[in-house]
Amino acid sequence: MGDIIKLGLILLLITSIAALVLGFTNDMTKDVIASVENKASEVARKEVLPQAESFKPLDEKVLSEIINSNPNVREVYGGYSENGSLVGYAIKTATPGYGGDVEVITGISLENKVTGIKVVSHKETPGLGANATQPKFQNQFKDKEVTKELVVVKGNPSSENEIQALTGATITSRAVTNGVNLAREIFINKLAQ
């Protein structure tokens, strides 16, 4: 009986020390992690809306209204040209995929076109759903009109608004497309001038 108590106390001591070390490490690195994530998002915004030289977050009141009505919207940035003119928006969404939420940044120009998309975070299956990060899949969305809902098809697309699904990853393909469609809706209903 005494050995069991002794062993339990040793395990309690080891787990307590491990928890303290992990908590301390997390606290020390959280600012660095946030900074790296912000830089990655900035690079992604420039990739999906290349005509923008700089980005500013949407007015906090308008953004709160959008997020309250659409909880899958994560952030909205306005993209500005060198002379300070608004050229479009970069909208980050998160929609359910096979392994969890798939975060996508969608660039939309004021000419009502998708200028690009980038899958920035996912937990999809390597070799299947993870192929959503490949340019071959993501480039299908480029120059699509925002006035038409995008639809995933398993074969070759026969219509302008169709996106060919990834082989063996229809759920992921739909998650990405749903994210882009959500960005389209936000642009049309809340941001288009």
Side-chain angles (χ1 to χ4, degrees), residues 1-48 55-77 89-107 116-138 141 152 154 163 165-186 190:
M1 185 71 168
D3 288 341
I4 292 174
I5 293 173
K6 184 178 175 184
L7 185 59
L9 289 173
I10 291 171
L11 285 174
L12 177 65
L13 181 65
I14 290 171
T15 55
S16 296
I17 291 171
L20 284 173
V21 169
L22 287 173
F24 179 74
T25 304
N26 183 52
D27 191 52
M28 292 295 291
T29 59
K30 69 181 179 188
D31 292 338
V32 174
I33 291 170
S35 174
V36 168
E37 287 176 350
N38 285 339
K39 285 181 182 174
S41 288
E42 181 74 17
V43 169
R45 283 191 287 272
K46 285 191 180 250
E47 285 182 33
V48 301
F55 292 88
K56 294 178 189 169
L58 202 62
D59 175 71
E60 198 168 310
K61 183 179 174 188
V62 177
L63 182 61
S64 292
E65 182 183 310
I66 289 172
I67 290 175
N68 286 338
S69 62
N70 300 286
N72 290 339
V73 175
R74 297 291 190 249
E75 61 185 33
V76 180
Y77 279 78
Y89 293 92
I91 303 168
K92 184 191 276 187
T93 55
T95 50
Y98 184 75
D101 281 347
V102 177
E103 288 190 347
V104 178
I105 295 181
T106 304
I117 73 152
K118 185 167 179 81
V119 175
V120 291
S121 174
H122 68 86
K123 295 177 184 162
E124 303 302 285
T125 308
L128 294 173
N131 289 335
T133 60
Q134 299 297 315
K136 182 179 178 186
F137 178 72
Q138 294 182 152
F141 294 88
V152 175
K154 289 189 176 181
I163 301 295
L166 293 162
T167 303
T170 307
I171 294 172
T172 305
S173 303
R174 286 194 181 120
V176 173
T177 305
N178 289 342
V180 175
N181 278 327
L182 178 56
R184 279 181 42 258
E185 291 170 14
I186 296 299
K190 304 284 186 184

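FYI, the numbering just counts along the sequence from 1. Keep in mind that the numbers below use all heavy atoms, side chains included, and drop hydrogens, waters and symmetry copies.
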Straight-line distance of [X] [atom1] to [Y] [atom2], nearest 0.5 Å:
| X | Y | atom1 | atom2 | result |
| --- | --- | --- | --- | --- |
| L9 | I14 | CG | CD1 | 11.0 Å |
| R45 | E75 | CZ | CD | 5.0 Å |
| T177 | I117 | OG1 | CD1 | 7.5 Å |
| K136 | Q138 | NZ | CD | 13.5 Å |
| R174 | I171 | CZ | CD1 | 8.0 Å |
| N178 | R184 | CG | CZ | 11.0 Å |

Which pair of heavy atoms, one from [X] and one from [Y], lies closest together, and at what distance?
| X | Y | answer |
| --- | --- | --- |
| A44 | K118 | CB-CD, 3.7 Å |
| T106 | A183 | CB-CB, 3.7 Å |
| V102 | G97 | CG2-CA, 4.0 Å |
| N131 | F137 | O-CB, 4.1 Å |
| V176 | V119 | CG2-CG2, 4.0 Å |
| E124 | G129 | CB-C, 3.6 Å |

Inset, instruction - Please say whether more than 12 non-hydrogen atoms of neighbouring residues, nucleotides or ligands are located less than 6.0 Å from CD1 in I4. - result: no
Inset, instruction - Verify the neighbour count for atom CZ of F55: are there more than 12 heavy atoms of other residues, nucleotides or ligands below 6.0 Å? - result: yes
Under the 3.5 angstrom rule, does the side chain of [X] hit a backbone N or O of [Y] as a donor-acceptor pair?
| X | Y | answer |
| --- | --- | --- |
| S35 | D31 | no |
| E103 | A94 | no |
| D27 | G23 | no |

Contact check, side chains of [X] and [Y], non-hydrogen atoms, under 4.5 Å:
| X | Y | answer |
| --- | --- | --- |
| T172 | L128 | no |
| D101 | P96 | yes |
| L58 | Y89 | yes |
| L22 | N26 | no |
| K154 | T170 | yes |

Inset, instruction - Run through I105, V48, V76 and flag the one making a side-chain contact (heavy atoms from CB on, under 4.5 Å) with K92. - result: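 So, applying the side-chain contact (heavy atoms from CB on, under 4.5 Å) to K92 and each of I105, V48, V76, only I105 qualifies.
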Inset, instruction - Apply the side-chain contact (heavy atoms from CB on, under 4.5 Å) test between L182 and each candidate in I91, N72, V104; give the one that qualifies. - result: N72
Legend entry - Note: E42-K39 ion pair, threshold 4.0 Å (strictly below):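 K39 and E42: not salt-bridged.
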